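What follows is a single structure, written as structure tokens, with notes after it.
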Amino acid sequence: MRTKLCVALDLPTKEENLALAKSLKPLEGITLKVGLRSFIRDGKDFVKALKDLGFSIFLDLKLYDIPNTMNDALKECIKLDIDFLSVHASSGKVALNLLTNTIKEQKSKLSLVSISILTSFDERGCFEIYNKDIKQSVSTLALLTKECDVPAIVCSPHEIELVKERASGLFIITPGIRLQNSSETKDDQKRVLTPLNAKRLGSDMIVVGRPIYKAKHPIEVASQILKDLSL
Ligand code: C5P
């Protein structure tokens with residue numbers, strides 16, 4: 001399967017996000033990611049505007065709460081007719097099972113996406129929270145994701161092989177993408193790789209934010225990434 005491109009709409013205003021979305025329209029097959037900032041500010045009308053442009057939508061809310069509260073939030077998200085919704089894998093088995101059941105019961109097309117270890121974590125940060133190293137933590141959470149029938153997972157490109165080995169068949173989404181392997185361009189991301197390398201390792205969809213929207217010519221960068229992904 002060809003690796004897809006998901007562009008994170010993390011710009012400071014709705015107008016800038018919409019302008020970027022419109023300019024990306026001619027490049028076929030892009031998914032747009034609406035994160036916390038955009039959703040809190042611009043809400044469901046913004047999601048609808050992007051859907052009306054014909055994009056598939058990844059609503060990246062990274063839900064983490066008690067099962068019932070997450071399930072109520074999921075039901076509201078299903079009404080938005082989005083394609084992907086993220087929740088933290090560490091919200092646990094009961095929550096994940098409840099959500100996957102709701103999606104089945106409602107015959108929704110929404111794919112739940114479980115967040116494993118954020119790509120902004122390094123080994124030390126991961127150990128502080130999970131008391132395990134990144135590989136062990138991702139491994140546990142990937143297994144949980146699969147056991148609960150969650151179809152997709154987010155991890156860094158460095159854990160793709162591990163996830164494939166531990167929990168085969170998951171749709172693997174990888175942020176932490178940078179155009180060069182240079183430390184100056186990492187921003188707050190710690191575990192990064194280029195689009196081509198993420199594709200070679202078997203990422204199903206890469207998520208790219210700043211390397212596209214902060215570029216002088218975002219469309220050229222997005223086109224180049226799509227070219228790399230089609231190699
Ligand atoms: O700008 P950059 O390419 O680093 O953006 C990555 C995007 O992916 C951001 O919107 C961030 O919230 C999201 N993300 C992430 N790590 C995860 C899940 C999502 O960086 N584990």
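For ligands, and for the atoms within them, numbers begin at 1 and follow the listed sequence. Bear in mind that the values here come from a model prediction, so they are computed numbers and not experimental data.
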Side-chain heavy atoms of F121 within contact of C126, under 4.5 Å:
yes

Atom pairs, nitrogen or oxygen, ligand 1 to protein, under 3.5 angstrom:
residue  : atom   : partner : partner atom : Å
ligand 1 : 1 (O)  : R210    : N            : 2.7
ligand 1 : 1 (O)  : R210    : NE           : 2.7
ligand 1 : 3 (O)  : R178    : NH1          : 3.1
ligand 1 : 3 (O)  : G209    : N            : 2.8
ligand 1 : 4 (O)  : R178    : NH1          : 3.4
ligand 1 : 4 (O)  : R178    : NH2          : 2.8
ligand 1 : 4 (O)  : Q189    : NE2          : 2.9
ligand 1 : 4 (O)  : R210    : NH2          : 2.8
ligand 1 : 10 (O) : D10     : OD2          : 2.6
ligand 1 : 10 (O) : K33     : NZ           : 2.7
ligand 1 : 16 (N) : T119    : OG1          : 3.0
ligand 1 : 20 (O) : T119    : OG1          : 3.3
ligand 1 : 20 (O) : Q189    : NE2          : 2.9

Taking atom types as modelled and ignoring hydrogens, do the side chains of T69 and D72 form a donor-acceptor contact shorter than 3.5 angstrom?
no

Salt bridge (charged side-chain N to carboxylate O under 4.0 Å, His left out) pairs touching residues 8-32, sequence neighbours excluded, are none

Please name all residues satisfying ring-ring contact (aromatic ring centres under 6.0 Å, His included) with Y64, sequence neighbours left out, ordered by chain then number.
H88

By side-chain hydrogen bond (donor to acceptor under 3.5 Å, both in side chains), which residues pair with K48, not counting sequence neighbours?
D52

Does K227 have more than 12 heavy atoms from other residues, nucleotides or ligands lying within 6.0 Å of its NZ?
no

